[in-house]
Amino acid sequence: MSDSSAMNAELTLTDQVYSGDPLQDRETDQYRNEYVTTFVEKWDELIDWRARAESEGQFFIDVLRARGKDTVLDVAAGTGFHSVRLTEAGFNVTSADGSAAMLAKAFDNGQARGLILKTVQADWRWLNRDIQGKYDAIICLGNSFTHLYEEQDRRRALAEFYAALKHDGVLIIDQRNYDTMLDEGFSTKHKYYYCGDQVTAEPSHIDEGLVRMVYSFPDGAEYTLNMCPIRKNYVRRLLSEAGFQRVRTYGDFQETYAENDPDFFVHVAEKS
Ligand code: SAM
């Protein structure tokens with residue numbers, strides 16, 4: 001990298017706000033400092049909608065249809081990938097996110113496809129203050145739940161999700177396979193979710209309390225996300241303790257898998 005492109009990347013990086021030692025930034029509110037407009041603008045390059053749609057196929061649509069669900073609250077809408085897909089598949093979707101920049105991009109992405117997304121800015125910890133009514137299903141996808149650092153915030157968010165669901169509602173949460181990352185180190189086939197082949201996504205730091213991911217773009221820009229590496233069985237336990245009666249966990253969208261193999265887990269938690 002030339003001096004000037006290194007400097008540009010550095011300048012872009014500083015758009016995100018971290019403290020003097022970013023490895024100490026381990027708070028639930030940190031996401032507000034990370035999804036800055038310039039990163040949001042690049043997010044779709046990172047996730048590559050077409051490749052992502054191909055790799056996840058009909059999975060979420062099938063899970064929802066099999067249970068006869070119609071109204072869906074996408075609580076981590078991001079730039080709208082799942083909100084758009086599910087709206088196009090005929091579901092009645094509301095798109096929520098704590099980041100105004102993300103929601104604005106989601107709205108634009110919907111509009112570009114001839115859709116008017118219903119958007120609500122809402123932090124999960126106060127979700128029911130900002131949304132109305134109860135939903136058949138809530139989705140929290142793209143490894144979003146990992147932004148919560150304190151256990152009480154995780155419990156609180158799950159209680160809010162639970163309360164926003166109808167009596168027979170279903171919550172779908174996904175997460176990176178942090179167990180393997182913590183126990184065996186990082187490796188990814190880059191197959192699911194972060195599919196853009198021009199973008200590299202790698203951890204610069206891993207410990208039991210923090211995974212710091214670095215996303216490097218072909219133009220030299222770099223962005224980071226600090227995430228809390230939650231283990232699979234811990235999340236399953238939190239879901240049960242939040243009151244969900246049944247929790248089924250898929251590995252890379254498959255029902256059966258070798259424990260350390262999948263990149264991602266998807267938990268499907270049912271209220272009744
Ligand atoms: N679901 C999208 C996707 O898969 O492309 C976005 C995933 S992005 C990794 C995580 C999203 O969660 C961001 O849009 C961020 O603003 C949102 N988020 C993180 N913590 C949140 C919180 N406490 N309340 C509401 N939204 C939050």
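One-based numbering, in listed order, for ligands and for the atoms of each. For clarity, every value in this text was computed on a predicted model and none was experimentally measured.
Residues D263 and D252 meet the side-chain proximity criterion, which asks for heavy atoms closer than 4.5 Å.
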Show me the side-chain donor-acceptor pairs of residues 114-122 shorter than 3.5 Å, one per line, residues at least two apart or across chains.
unit_1, atom_1, unit_2, atom_2, d
K118, NZ, N92, OD1, 2.5
Q121, NE2, G98, O, 3.0

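Atoms of ligand 1 found under 4.0 Å from any heavy atom of S99 (numbered from 1 in listed order, with element): 16 (O). Here is the list of ligand 1 atoms found below 4.0 Å of a heavy atom in D97: 11 (C), 13 (C), 14 (O), 15 (C), 16 (O), 17 (C), 26 (N). Those atoms of ligand 1 with a heavy atom of G142 less than 4.0 angstrom away are 4 (O), 7 (C), 9 (C). For ligand 1 and A76, the ligand atoms under 4.0 Å from any heavy atom of the residue are 1 (N), 2 (C), 6 (C), 12 (O).
Residue-to-ligand polar distances place L141 within reach of ligand 1: an N/O pair is separated by less than 3.5 Å. Considering backbone and side-chain atoms alike, L148 places every N or O at 3.5 Å or more from each N or O of ligand 1. Distances between N or O atoms of R52 and those of ligand 1 include at least one value under 3.5 Å. No N or O atom of R125 sits closer than 3.5 Å to an N or O atom of ligand 1. Residue contacts with ligand 1: G98 is placed with a nitrogen or oxygen under 3.5 Å of a nitrogen or oxygen of the ligand (distance criterion only). Where the criterion is an N or O separation shorter than 3.5 Å, residue side chain and backbone included, H147 fails it with respect to ligand 1.
With a 4.0 Å cut-off on non-hydrogen atoms, Y35 touches ligand 1 through its side chain and not its backbone. With a heavy-atom cut-off of 4.0 Å, F81 does not touch ligand 1 at all. Of all the heavy atoms of A96, none lies under 4.0 Å from any atom of ligand 1, so neither backbone nor side chain is involved.
With sequence neighbours excluded, no residue satisfies ring pair (Phe, Tyr, Trp, His ring centres under 6.0 Å) with F145.
Linking Ile, Leu, Val, Met, Phe, Trp and Tyr whenever their side-chain heavy atoms come within less than 4.5 Å puts F186 and Y223 in one cluster. By the criterion of side-chain heavy atoms lying less than 4.5 angstrom apart, applied directly or through intervening Ile, Leu, Val, Met, Phe, Trp or Tyr residues, Y162 is grouped together with L148 in one hydrophobic cluster.
The closest approach between C140 and ligand 1 stays at or above 4.0 Å for every heavy atom of the residue.
Taking the six-membered ring for Trp and thresholds of 30 and 60 degrees, Y31 and W124 have nearly parallel ring planes, at less than 30 degrees apart. Taking the six-membered ring for Trp and thresholds of 30 and 60 degrees, F265 and Y257 have ring planes inclined between 30 and 60 degrees apart. By the 30° and 60° cut-offs, the orientation of the rings of F39 relative to W43 is perpendicular.
Salt bridge status for E241 with R155: present, with a side-chain N to carboxylate O gap under 4.0 Å.
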